[in-house]
Participant: 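Submitted below is the structure of interest, expressed as structure tokens.
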Amino acid sequence: MWGLGGQAGPGPSHPQIRAHDQPGDKWLVIERRVYDISRWAQRHPGGSRLIGHHGAEDATDAFRAFHQDLNFVRKFLQPLLIGELAPEEPSQDGPLNAQLVEDFRALHQAAEDMKLFDASPTFFAFLLGHILAMEVLAWLLIYLLGPGWVPSALAAFILAISQAQSWCLQHDLGHASIFKKSRWNHVAQKFVMGQLKGFSAHWWNFRHFQHHAKPNIFHKDPDVTVAPVFLLGESSVEYGKKKRRYLPYNQQHLYFFLIGPPLLTLVNFEVENLAYMLVCMQWADLLWAASFYARFFLSYLPFYGVPGVLLFFVAVRVLESHWFVWITQMNHIPKEIGHEKHRDWASSQLAATCNVEPSLFTNWFSGHLNFQIEHHLFPRMPRHNYSRVAPLVKSLCAKHGLSYEVKPFLTALVDIVRSLKKSGDIWLDAYLHQ
């Protein structure tokens, strides 16, 4: 096997590769082959930022985690190939556990052999059916009972659940975990995300794939790059030492209730989503989103008038936003959050995630995101198979001394607030004494 320039090729820890992690100059390693993605990154379907986060790293496991048809994708990589690692060169950077990497890849292959990446059409058909049923039920309540406070509150609650479940279904589609062909997943995601929710599928994937590639890593995971509004993990000490005080961070666990759960979907997501569609010229997504607003307002305008339907829409979004924040962050905020550590795939995912005890209700209510560890290790796996792969993941963690944390549901929710308070206290201590 020949390396760069016909010589024994350097691994990612070698300066020749490590130096190529700059804007406009990116190399990465996939399956022991070295690729120069500097110019091609802008054409990467997942976005240049996503692939760029793996610059000068061994991205083999991320490559396998994100792509359905590996042979098809390899055709696009072939022109970018500039060398291969020599047999004696490690493919991992730094003091990483080569045995863990090998064992995880064996586990991934075992999951494929067990058909755990095959989706159940009945399962996902039921999910879509019950979402549509809730949409119809909410409208019928207002149509039959009138726009009084009680029917309106009940309808808003049902619509918020429908919106939450739509988040989960589009999330499945975004990860290409339902259909065997990527295109079918993408088209279906546009329908669910656009017509049923009023958001852009491209915007969501742009954000969410970065989160999966580098969970809980500042400036790579958008979900934790929330300073200066909230301080998480290592940013608490950094802000304290630099005497930065834009908000009373020692009280962030309290103002979280005012601006976190109520406003994320209603304000942050709405503005960010619209800006993304306009700046990136995602006109098809804009039309899909417009179809949601047209359907929603035309359906309820006859009952409420313009001010009433706006208030009704805000109520649904606020309720939905509470679900989104608590459910999606209970597995991440209490875990390690900081700067890039250049870990292997399994270690980086396990450090940033924990599970919540399963039950029929929790599985449904959270869209199986209570199996966050399994989801992050195998993002393309259909969620109904997480419970089947979980024992294998536990065994892998036990073998390598890795934490496989499972919490009660209420404890996981409370831990969000505890983590915010802990980060705020750390900031205050650093601010006053360092």
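Only heavy atoms go into these numbers, but all of them, side chains included; no hydrogens, no water, no symmetry mates.
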Participant: Would you tabulate the side-chain donor-acceptor contacts of residues 118-127 under 3.5 Å, counting partners in other chains and residues two or more places apart, or write 'none'?
Facilitator:
{"unit_1": "Ser120", "atom_1": "OG", "unit_2": "Phe123", "atom_2": "N", "d": "3.3"}

Participant: Please identify each residue that fulfils side chain to side chain contact (heavy atoms under 4.5 Å, CB included) with Asn216, with sequence neighbours left out.
Facilitator: Asp221, Val224, His332, Lys335, Ile337, Ala352

Participant: Just by modelled atom types, is the Leu232 backbone N or O under 3.5 Å from a matching donor or acceptor in the Ser235 side chain?
Facilitator: yes

Participant: Check whether Lys341 reaches the backbone of His339 with its side chain - one donor and one acceptor, N or O, closer than 3.5 Å.
Facilitator: yes

Participant: Are the side chain of Arg295 and the backbone N or O of Gln195 linked by a donor-acceptor pair below 3.5 Å?
Facilitator: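 Side chain of Arg295 to backbone of Gln195: a pair is present.
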
Participant: Does Lys421 have any salt bridge (charged side-chain N to carboxylate O under 4.0 Å, His left out) partners at least two apart in sequence or in another chain, and if so, which?
Facilitator: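 Listed in chain order: Asp425.
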
Participant: Could you list the residues that satisfy salt bridge (charged side-chain N to carboxylate O under 4.0 Å, His left out) with Lys214, not counting sequence neighbours?
Facilitator: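 Lys214 satisfies salt bridge (charged side-chain N to carboxylate O under 4.0 Å, His left out) with Glu57, Glu340 once adjacent residues are dropped.
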
Participant: Apply side chain to side chain contact (heavy atoms under 4.5 Å, CB included) to Pro261 and list each qualifying residue two or more places apart in sequence or on a separate chain.
Facilitator: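 Per chain and number, Pro261 pairs via side chain to side chain contact (heavy atoms under 4.5 Å, CB included) with Phe256, His322, Val325, Trp326.
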
Participant: Under the salt bridge (Lys or Arg N to Asp or Glu O under 4.0 Å) rule, what pairs show up with a residue in residues 265-281, not counting sequence neighbours?
Facilitator: Arg207-Glu272, Glu270-Arg317

Participant: Which heavy atom of Val192 sits nearest to which heavy atom of Ser166, and what is that distance?
Facilitator: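 Closest approach of Val192 to Ser166, heavy atoms only: CG1-O, 3.6 Å.
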
Participant: Take Arg64 and Glu112, measure what salt bridge (charged side-chain N to carboxylate O under 4.0 Å, His left out) needs, and give me the verdict at the end.
Facilitator: CA-CA 12 Å; Arg64 294 173 177 172; Glu112 289 186 346; over 6 Å; no

Participant: List the residues meeting side-chain hydrogen bond (donor to acceptor under 3.5 Å, both in side chains) with His171, not counting sequence neighbours, and say none if there are none.
Facilitator: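 With neighbours one apart ignored, the set is His175, His208, His375.
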
Participant: Does any non-hydrogen side-chain atom of Ile51 lie less than 4.5 Å from one of Phe66?
Facilitator: no

Participant: On the six-membered ring of Phe117, is Arg380 placed so that its NZ or CZ lies under 6.0 angstrom from the centre and within 45° of the ring axis?
Facilitator: yes

Participant: Any donor-acceptor pair under 3.5 Å linking the side chain of Ser236 with the backbone of Gly424?
Facilitator: no

Participant: Kindly write out the residues that satisfy side-chain hydrogen bond (donor to acceptor under 3.5 Å, both in side chains) with Thr353, not counting sequence neighbours, or none if the list is empty.
Facilitator: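 Counting only residues at least two positions away or on another chain, Thr353 forms no side-chain hydrogen bond (donor to acceptor under 3.5 Å, both in side chains).
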
Participant: Given side-chain contact (heavy atoms from CB on, under 4.5 Å), test Leu196 with Phe191 step by step and report yes or no.
Facilitator: CA-CA 7 Å; Leu196 297 184; Phe191 167 75; 4.1 Å; yes

Participant: Inspect the surroundings of CH2 in Trp364 and state if more than 12 heavy atoms from other residues, nucleotides or ligands are less than 6.0 Å away.
Facilitator: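 Atom CH2 in Trp364 is crowded, with more than 12 foreign heavy atoms closer than 6.0 Å.
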
Participant: In chain order, what residues pass the salt bridge (charged side-chain N to carboxylate O under 4.0 Å, His left out) check against Asp36, with sequence neighbours excluded?
Facilitator: none

Participant: Who passes salt bridge (charged side-chain N to carboxylate O under 4.0 Å, His left out) against Lys399, sequence neighbours left out?
Facilitator: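 Per chain and number, Lys399 pairs via salt bridge (charged side-chain N to carboxylate O under 4.0 Å, His left out) with Asp103.
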
Participant: Examine distances only and state if a side-chain atom of Gln163 and a backbone atom of Val316 form a donor-acceptor pair shorter than 3.5 Å.
Facilitator: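 Not at all, since once roles are kept as given, no pair shorter than 3.5 Å links the two residues.
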
Participant: Of all residues at least two apart in sequence or in a different chain, which pass the side-chain hydrogen bond (donor to acceptor under 3.5 Å, both in side chains) check with Asn268?
Facilitator: none

Participant: Of Phe324, Trp167, Phe206, which is the lone residue that meets ring-ring contact (aromatic ring centres under 6.0 Å, His included) with Phe199?
Facilitator: Trp167

Participant: side-chain hydrogen bond (donor to acceptor under 3.5 Å, both in side chains) with Ser162: which residues, sequence neighbours excluded?
Facilitator: Glu135

